[in-house]
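Naming convention: chains lettered A, B, ... in sequence-line order (proteins, then strands); numbering from 1 in each chain.
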Number of protein chains: 2
Amino acid sequence: MSDPQQLAVNTIRTLAMDAVQHANSGHPGAPMGLAPLGFTLFTRHLAHNPADPEWPDRDRFVLSAGHASMLLYALLHVTGYDLQIDDLKAFRSFESRTPGHPEHFMTPGVDTTTGPLGQGLGNAVGFALAERLLAARYNRPGHEIVDHRTWVIASDGDMMEGVSSEASSLAGHLGLSKLVVFYDDNNITLDGPADWSLSEDVGARYAAYGWRVLHVEDPNDVAELDQVMKEAASAEGKPTLVTVPSTIGYGAPNKANTSAAHGSPLGEEEVAAAKRFYGWEYEPFTVPEEARQVADQTERGLRLQADWEERFEAYREAHPDLAEDFERVMAGELPDQWDADLPTFETGHGEATRKSSGAVINAIAARMPELIGGSADLSSSNATTITDGGAVHLEDFSGRNLNYGVREHAMGSMMNGMALHGGLRPFAGTFLNFVDYLRPALRLACLMGVPVVYVMTHDSIGLGEDGPTHQPVEQLAGLRATPNLVVLRPADARETVGAWVQAIRRTEGPTLLALSRQSLPVLEASDADEVAHGAYVVTPDDANPDVAIVATGSEVHLAVEAAAQLAELDIAARVVSMPSWELFEAQDDDYQADVLPPDVPVLSVEAAASFGWSRFADDHVALDHFGASAPAEDIFRNFGFTPEAVAEAARYLVEEWEDSDE
Amino acid sequence: MSDPQQLAVNTIRTLAMDAVQHANSGHPGAPMGLAPLGFTLFTRHLAHNPADPEWPDRDRFVLSAGHASMLLYALLHVTGYDLQIDDLKAFRSFESRTPGHPEHFMTPGVDTTTGPLGQGLGNAVGFALAERLLAARYNRPGHEIVDHRTWVIASDGDMMEGVSSEASSLAGHLGLSKLVVFYDDNNITLDGPADWSLSEDVGARYAAYGWRVLHVEDPNDVAELDQVMKEAASAEGKPTLVTVPSTIGYGAPNKANTSAAHGSPLGEEEVAAAKRFYGWEYEPFTVPEEARQVADQTERGLRLQADWEERFEAYREAHPDLAEDFERVMAGELPDQWDADLPTFETGHGEATRKSSGAVINAIAARMPELIGGSADLSSSNATTITDGGAVHLEDFSGRNLNYGVREHAMGSMMNGMALHGGLRPFAGTFLNFVDYLRPALRLACLMGVPVVYVMTHDSIGLGEDGPTHQPVEQLAGLRATPNLVVLRPADARETVGAWVQAIRRTEGPTLLALSRQSLPVLEASDADEVAHGAYVVTPDDANPDVAIVATGSEVHLAVEAAAQLAELDIAARVVSMPSWELFEAQDDDYQADVLPPDVPVLSVEAAASFGWSRFADDHVALDHFGASAPAEDIFRNFGFTPEAVAEAARYLVEEWEDSDE
């Protein structure tokens, strides 16, 4: 390696060490071991433009080992991104652009938020898949306007997490040949040597998934790294895993190759010793001019993007409509008239809301090519199939339906990657109960604010015979408690239309639809547009009701029947359908008080945990225990979800209320 | 195959078909394909005793493909368990002993609840590990009183789920040689051919994990199955995967080998046709006498258990103390004096509750050999190490600390298996935020009522610099909403002692401890015994407070400081520490009203989502958005968690309350 290169590599190492030391917190070891790899990738292979981190055809880079964030920040700084030495000095401080783990919404050049292990790899499979999907949609002979790679650095921890296994199996299945994962096989985890808990042959496992497996002998040899990256970049119809036996804390005389170098600052003395080992003679946070010169990618980046833009103009010339549509989808803009064909439904029409959802999906998909569906092996149950969309597979990426297999977690994580990539609006389904399998990915969707849609069907004990292992109870509460998620549980086909409209319009975060297995009649007063308010009155309005019954989804029907029974007892019950707590709470106080007057007792009815409902209601018809295996109607009846039981609970509440008013 | 054997195999098939048809719901295809395997296993290899499904040294059987429940029910019936034809006729009906998926608490002979895919395999690794751990503890030369196998049937779906990848990697790592998994490689999933989403080489993947891989050529050939099972049973220091290319819906002329045979009744006509194919000439739900004779295991079972009991008596003679202890741990009884060495803490002593938890763990572990710890690669952060316990590994199962690696989901699922096996009380740790990774396993622990303990540390934004990807916000709400889980968030070292006492005493379900990263001083009035009540007053009690501030964990300290500030404004604020909602709600109304008087306004303070707190409080100091990366004190301050802000919120609430009273 020539001297300026070595200097640049050591600059990356020392910036990482200095920042961790300065913050007195962080993970110095991995950046020290991986600096040569990062340098080689960012200066010779990664197609990127520091001046425009949003260039659509750039390569994506995912630091799945997110704890090594200082490696990425140092690379972004030395290659010329708008991330300054002062930013590095602010590492891990409040609202800095250099948080403890990479947050894509905080830092230019960070393509995804990582840290929870395995998620980065799952996202990366989504990025690589998005590239193939968009290439199939927009490229034309002689016009390869979508043509980029996804590069990943993954750690032992990433390899151990189940989500990465699921996503890697799918990447092999789909032959995502532009995906390259460097496995930082440093043999150290937080607890100690990785072989305390990991003795499998990771390379052989990836070969079994259908990946090509390459190996780096000397992770400090830039020439060898360069050679291996060249080979990795020459696609062979398979994704590539490169095993890299790096040395954690490389150069630290006492802590290299130990878990002490993993997650804590090295200490001033060890930092000084490592710097001596590198022959480093500068002040902390110094980037020597020679290092900057070999590292800076401003010129290469501008050239790469300019070349692409020239090609894109030729494409625009040849295919103006496609070019326009490409720009639209990459900007995340909805097409005109996307909602022109939304179905309408007659009062009384009986249909499971999952079926209604399937009809809406198809009405929208026909006008919104960026909508891409899928399911975790439940596509017909979830009604998620885009009928004329075809399946995505190895030999044909023009399809619109993804067969994720029984891999909910990879599904969630890959959707995040696709949404972050841009150009696609992914949705996917499973049973609501199995949202638990993808919760870490859903949480990151909320944190990152990506507009994916979860189509969660079989949303209660109404699922029936499959029993308590498949029936959600506590899930709605946990989801409603999650920041930046909008949950919608429509009561009938009309509200399902409204729910999808909300989901498609929402660009600042994910939306979850909870849909019924069982058939539900369309209500007299239900209204797709009212869904936007989160809650509204569905019985003929009485200005002075004795009681309000607020319900969601299938239980709105119970509430309506109960209200009719109460009317016979001269109790005026207002029924409120509340498809979405979040949208209702976003309304002004007047609207909220109009729907649920403060001086009227409120009964909530939902076949789920009562947890949280005390925010709106004084008493609850709820399910604070697990379900059972039986036909749905038997379960509902046995667990007290009948019009009679709801009416009785409402009557009792009215009495109690009157007593307490006396 | 001799005729009675074939008849027995077909009996199992037809019982499954008849029950699904009768229920008009269920999964007939897998039982039809796997009946020969089930028959061979249950009659020739599985060491079990239908008369005593709880025999401690029986082999364990896990139907990870839980949807094939009728295979298991038919096998239990024909081999002689207390499961009658009437039970089979009640398949999938309310409160029957034959629910849609196997529930271990409903049916004799069902070792674990399965259905959510991958979990059974994870449980099975826990069962097999428990056997090795107990063997190392109780066996003595010439006395192999713990010596049994764990047999599993797993489907394509099980193989795709990440949790099974994690658990299988660990099973290979630990060389669990008495674990045998039959992989039902029937190439059909719910959506269609498995190769729509699965093209990996599953056998090669398991070989990479360090498993032995065997293969069955003809899944209908009992002699071959018998031979392969013999081979699988001869341990070679590795777990064994047997690939079984069964035919889903075998014998159904129109639906065999299609997804139509997977999850729906075949229909009367197809059932009749399949029965003709089998040459079956009996009424529905018939068990021909010749079939029952070859299938019944009553005699073999009694002999097997009697032989073991004889050996156990010899063991008791030679090692009376060990024998007594073995019986105690298998009965799930606590040892005398288990709590004799619990630590005590002086007021003002400052310590993170995770550290206090570590001290309690060690105090209990010294007196409770069945306590077995572990962590998902965060053992020192979680303070979960049993100091003198040693690590469990391939060559030494006498250790007490499991290195799960970064595999939270397998950890949760394996703990379920160990707890169900009996003889062990497993606990394990990760960061509270990463409870999301093991949620499906936690839910099954709640449903099954197994007494595992989750040691969840770094329980809020107090985690600090690692940032929002690592800071829980909505998790406590989601967990509190979960049926049969007790969540404890202690405020200091003393409450941590009380929390562990609750966790150990609780036998009917799991317990989750939410513990601080940051140091917390021991409160003047905190009390380990009071934790049993869920909530109690920690400030010198005033019978007529102006306001009550209810807080949990680290925020109790904020509340105490705020109360002192309020006192200076002549506002009497009562501070209530509420380590556990569930335990508080289990108290009688008088106690609850005593702690939180109905006529006093209540402010809740918790660095987590406010969701749910309206059950107890009128206003909230809470965190209804994601966290941030910074030193903990900076985050708390920036997000309004200061004594001043709490005092101000309380003052405001008192004013509002007075206004509304006017």
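Contacts of A:F616 with chain B are absent, with no heavy-atom separation under 4.5 Å from either backbone or side chain. The part of A:A609 that comes within reach of chain B is its side chain, from C-beta onward, which places non-hydrogen atoms under 4.5 angstrom from that chain. For A:L447, the parts sitting under 4.5 Å from any heavy atom of chain B are the backbone and the side chain alike. Heavy-atom distances place the side chain of A:N433, and not its backbone, under 4.5 Å from chain B. Within the 4.5 angstrom heavy-atom criterion, no atom of A:H393 approaches chain B. In this structure, chain B has heavy atoms under 4.5 Å from both the backbone and the side chain of A:L378. Interface residue A:F434: only side-chain heavy atoms are found under 4.5 Å from chain B. Contacts between A:H27 and chain B at a heavy-atom distance below 4.5 Å involve the side chain alone, from C-beta outward. Contacts between A:W581 and chain B at a heavy-atom distance below 4.5 Å involve the side chain alone, from C-beta outward. If you measure heavy-atom distances from A:T114 to chain B, the contacts under 4.5 Å come from the backbone alone. There is no contact between B:F431 and chain A, counting heavy-atom distances below 4.5 Å.
Between the A:T113 side chain and the A:H104 main chain, a donor and an acceptor come within less than 3.5 Å of each other.
Highest contact tally toward chain B, considering only A:L438, A:D634, A:L117, is held by A:L117 [criterion: heavy-atom pairs under 4.5 Å]. With chain B as the partner, the residue from A:G100, A:G467, A:S164 showing the most heavy-atom pairs under 4.5 Å is A:G100. Ranked by heavy-atom pairs shorter than 4.5 Å toward chain B, the options A:G464, A:A630, A:A477, A:S197 are led by A:S197. Looking only at heavy-atom pairs under 4.5 Å with chain A, the residue among B:E166, B:E200, B:H173 that has the most is B:H173. In terms of non-hydrogen atom pairs under 4.5 Å with chain A, the most contact-rich of B:P483, B:G162, B:S93, B:S614 is B:P483. The residue among A:E103, A:H67, A:H409 with the most heavy atom pairs within less than 4.5 Å of chain B is A:E103. Note: B:R443 leads B:R443, B:R615, B:E465 in heavy-atom pairs under 4.5 Å with chain A. Note on B:L479, B:L444, B:N638, B:V473: by heavy-atom pairs under 4.5 Å with chain A, the leading option is B:N638. Taking chain B as the reference chain and counting heavy-atom pairs below 4.5 Å, the highest number among A:S381, A:S25, A:A410 is found for A:S25. Contact count against chain A (heavy-atom pairs under 4.5 Å) is highest for B:S379 among B:S379, B:A628, B:G478. Here A:S199 is the residue among A:G118, A:S169, A:S199, A:G612 with the most heavy-atom pairs under 4.5 Å with chain B. Chain A forms more heavy-atom pairs under 4.5 Å with one residue of B:N403, B:D377, B:D436, B:N484 than with any other, namely B:D377.
The closest side-chain donor-acceptor pair between A:T482 and A:R439, if any, does not fall under 3.5 angstrom. Counted by atom type alone, A:N401 and A:T385 present zero donor-acceptor pairs between their side chains at under 3.5 Å.
B:Y206 places none of its side-chain heavy atoms less than 4.5 Å from the side chain of B:K238. For the pair B:P102 and B:S69, the minimum side-chain heavy-atom distance is below 4.5 Å. Two residues are said to be in side-chain contact when any heavy atoms from C-beta on lie closer than 4.5 Å; A:Y209 and B:D201 fail this criterion. The closest side-chain heavy-atom distance from A:Q119 to A:V163 is below 4.5 Å. Side-chain atoms of B:E161 and A:E408, non-hydrogen and from C-beta on, do get closer than 4.5 Å to each other. Between B:R480 and A:F611 there is a side-chain heavy-atom pair separated by less than 4.5 Å.
Summarising the geometry of A:P468 relative to A:S629, their closest heavy-atom pair is CD-N, 3.8 Å, with the distance given to 0.1 Å. Looking at every heavy atom in both residues, B:L623 comes nearest to B:I461 through CD2-CG2, 3.7 Å. Between A:N24 and A:P265, the shortest heavy-atom distance links the atoms C-CG, 3.4 Å.
Salt bridge B:R92/A:D466: present, at least one basic N to carboxylate O contact under 4.0 Å.
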Practice item. Apply side chain to side chain donor-acceptor pair (under 3.5 Å) to the pair A:S610 and A:D624, showing each step before the final yes or no. Key: CA-CA 6 Å; A:S610 62; A:D624 285 316; 2.8 Å; yes
